[in-house]
2 protein chains.
Amino acid sequence: MTGKQNEAAMPPLVLEDFIPYRLNKAAEAISQRFASQYRDEYGLTRPEWRTLATLGQFGALSATAIGAHSSMHKTKVSRAVFSLEQRHWLKRKRDDADRRTEHLELTQAGRKAYQHLATMAHDYETELFARLGERGAKELKAGLAALEAYYRQGR
Amino acid sequence: MTGKQNEAAMPPLVLEDFIPYRLNKAAEAISQRFASQYRDEYGLTRPEWRTLATLGQFGALSATAIGAHSSMHKTKVSRAVFSLEQRHWLKRKRDDADRRTEHLELTQAGRKAYQHLATMAHDYETELFARLGERGAKELKAGLAALEAYYRQGR
DNA sequence: TCTATTTAGTTGCATTTGTGACGATCTTTT
DNA sequence: AAAAGATCGTCACAAATGCAACTAAATAGA
């Protein structure tokens with residue numbers, strides 16, 4: 001007999017080859033690198049950054065809408081909004097038609113920070129792509145797109 | 001003038017196109033799906049699962065080694081080990097040469113759970129690849145490999 | 001050998017996160 | 001128009017996480 005595998009051997013799982021693990025680790029590494037930029041420069045947390053980015057992108061939104069667009073839980077958004085409000089980076093306005101809702105909008109200072117951070121984000125991504133090489137970048141985007149198509153629709 | 005962009009327009013960052021965000025979201029979605037399996041079936045947390053998987057893969061390891069292999073902080077490992085010990089899924093053995101170190105090893109029950117979970121993990125990955133299609137799966141793996149090569153070495 | 005430094009693992013404390021309940025408001029049903 | 005239900009955002013509480021200090025043990029330096 002040549003290379004027949006040991007009978008009892010279930011293919012042992014190799015954690016560092018397991019896709020969910022690899023994805024998590026990569027996501028954490030890549031995010032962390034960028035996070036340290038906005039943390040060092042502005043002391044922002046990730047929820048705060050996401051909130052800022054979402055408002056910068058869309059103008060005025062409700063807290064619920066921010067959560068929907070940036071995949072964050074209600075309470076995370078609520079706390080991030082509070083914190084950005086403390087910095088005077090955003091203002092709240094009650095909706096007159098529906099007074100439960102508040103419209104959140106960046107202030108001048110908020111927009112300025114957003115401009116800066118958006119530029120940093122853009123640069124970060126550009127450098128990342130450069131390091132991955134044209135091929136790696138293309139594969140990464142394609143792989144992510146495939147994943148998104150998978151989990152976007154229900155099952 | 002035709003389609004010249006608005007002069008003032010900084011390319012606004014589109015969060016859902018931003019790679020760190022996309023990676024995080026994808027990793028969370030994909031991990032969560034599998035996590036709910038071991039959570040529902042065994043009530044395991046993610047650190048516990050990783051610890052179990054690492055021990056299942058390597059046999060006996062120290063807590064430090066588990067952390068190194070599964071990218072977890074000391075304290076996470078410590079708590080996961082404690083919890084798995086409570087379930088009688090692992091045993092500790094002091095190293096005689098270096099009595100600070102403990103060698104952690106799965107019990108019979110621990111190995112049995114591991115076998116089951118490793119199979120589930122394998123099946124999950126197989127199904128994931130099937131849904132991604134041959135092409136998507138290939139691109140995902142290549143993209144991850146590129147990322148890993150990038151952040152593995154220093155900068 | 002005695003001291004200083006490093007390492008393994010745990011624990012207390014502070015911070016972050018998620019869960020559930022809540023008041024307020026709007027919508028739907030009857 | 002009254003009651004029942006849903007939605008918006010917040011808060012109190014519990015669970016998970018990270019950080020720093022700690023004990024115990026090993027190693028290195030004097």
Side-chain angles (χ1 to χ4, degrees), chain A residues 24-25 27-29 31-32 35-36 38-40 42-52 54-55 58 60-86 90-105, chain B residues 24-25 27-29 31-33 35-36 38-40 42-52 54-55 58 60-87 90-105:
Chain A
N24 256 302
K25 202 176 158 187
E28 204 38 57
S31 294
Q32 198 44 52
S36 64
Y38 54 70
R39 185 174 39 71
D40 292 350
Y42 292 107
L44 284 182
T45 65
R46 207 176 306 195
E48 285 158 19
W49 151 248
R50 283 197 186 178
T51 298
L52 183 72
T54 305
L55 283 176
F58 290 102
L61 287 180
S62 70
T64 301
I66 293 174
H69 278 292
S70 60
S71 313
M72 291 194 296
H73 190 253
K74 267 176 149 193
T75 59
K76 254 188 190 171
V77 176
S78 177
R79 285 155 182 155
V81 164
F82 177 78
S83 159
L84 293 177
E85 190 186 26
Q86 296 298 90
L90 68 76
K91 289 192 313 279
R92 311 184 191 230
K93 273 181 213 157
R94 280 271 162 223
D95 183 312
D96 292 318
D98 183 345
R99 296 217 310 277
R100 295 168 302 180
T101 302
E102 40 195 21
H103 296 280
L104 306 165
E105 196 167 9
Chain B
N24 256 302
K25 201 175 158 186
E28 204 37 57
S31 294
Q32 197 44 52
R33 250 164 231 244
S36 64
Y38 55 70
R39 185 173 39 73
D40 292 351
Y42 292 106
L44 284 182
T45 65
R46 208 175 307 192
E48 285 158 20
W49 150 248
R50 283 196 186 177
T51 298
L52 183 71
T54 305
L55 282 176
F58 289 102
L61 286 180
S62 69
T64 301
I66 292 174
H69 278 291
S70 60
S71 314
M72 291 194 297
H73 186 90
K74 266 175 151 196
T75 59
K76 257 188 188 170
V77 176
S78 177
R79 283 154 182 156
V81 165
F82 176 79
S83 159
L84 293 177
E85 189 186 27
Q86 296 298 89
R87 295 178 187 251
L90 68 76
K91 290 192 312 279
R92 309 183 192 231
K93 272 181 214 156
R94 280 272 161 221
D95 183 312
D96 292 319
D98 182 344
R99 296 216 311 278
R100 294 169 303 180
T101 302
E102 42 195 22
H103 296 279
L104 306 166
E105 197 166 10

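Numbered from 1 within each chain, the chains take letters A, B, ... in sequence-line order.
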Asks: Rounding to an integer number of Å, can you tell me how far Gln86(A) CD sits from dT10(D) P?
Replies: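 These atoms are roughly 12 Å apart.
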Asks: With sugar-phosphate meaning primed atoms plus P, OP1 and OP2, does Ser62(A) contact a base, only sugar-phosphate, or nothing at under 4.0 Å between heavy atoms?
Replies: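 Result for Ser62(A) = sugar-phosphate.
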Asks: CG of Asp95(A) versus C1' of dT7(D): gap in Å, rounded?
Replies: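 About 13 Å, once rounded to whole Å.
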Asks: Do Glu105(B) and Lys93(B) sit within salt-bridge range, that is, some charged N less than 4.0 Å from a carboxylate O?
Replies: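 Yes, charged N to carboxylate O under 4.0 Å.
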Asks: Which residue lies toward the 5' end of DNA chain D, Val81(A) or Ala97(B), if each is placed at its nearest nucleotide?
Replies: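 First, find each residue's nearest nucleotide; the 5'-ward one identifies Val81(A).
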Asks: Hey, is the side chain of Arg99(B) poking within less than 4.0 Å of OP1 or OP2 on dT7(C), counting only N and O atoms?
Replies: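 It does not, given that no N or O in the side chain of Arg99(B) lies less than 4.0 Å from OP1 or OP2 of dT7(C).
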Asks: Specify the residue among Asp98(A) and Glu102(B) whose closest nucleotide of DNA chain C lies further upstream toward the 5′ end.
Replies: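 The residue mapped nearer the 5' terminus is Glu102(B).
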Asks: Does OP1 or OP2 of dT10(C) have a side-chain N or O of Ser78(B) closer than 4.0 Å?
Replies: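 So the side chain of Ser78(B) is within the cut-off, an N or O lying under 4.0 Å from OP1 or OP2 of dT10(C).
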Asks: Does Arg92(A) reach a base, just sugar-phosphate, or nothing at all? Heavy atoms under 4.0 Å.
Replies: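 Sugar-phosphate contact only.
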Asks: In whole angstrom, what separates Glu48(B)'s CD from dA15(D)'s P?
Replies: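 Checked: the CD to P distance equals 14 Å.
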Asks: Please state how far atom NZ in Lys76(B) lies from atom P in dT17(C), giving the value in whole angstrom units.
Replies: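 After rounding, the gap between these two atoms is 12 Å.
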Asks: With a 4.0 Å cutoff (strictly under), does any side-chain N or O of Thr64(B) reach OP1 or OP2 of dG9(C)?
Replies: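 Affirmative; the distance criterion is met.
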Asks: Using a cut-off of strictly less than 4.0 Å, decide whether Arg79(A) has a side-chain nitrogen or oxygen near OP1 or OP2 of dA12(D).
Replies: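 So the side-chain polar atoms of Arg79(A) never come under 4.0 Å of the phosphate oxygens OP1 or OP2 of dA12(D).
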Asks: Picking from dT17(C), dA8(C), dT17(D), which would you name as closest to the side chain of Thr101(B)?
Replies: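 So the side chain of Thr101(B) is nearest to dA8(C).
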Asks: Would you mind reading off the distance between Lys74(A) atom NZ and dC22(C) atom P, rounded to a whole angstrom?
Replies: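 From Lys74(A) NZ to dC22(C) P: 14 Å.
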Asks: Could you check how far CZ of Arg94(B) sits from C1' of dT10(C), rounded to whole Å?
Replies: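 From Arg94(B) CZ to dT10(C) C1': 11 Å.
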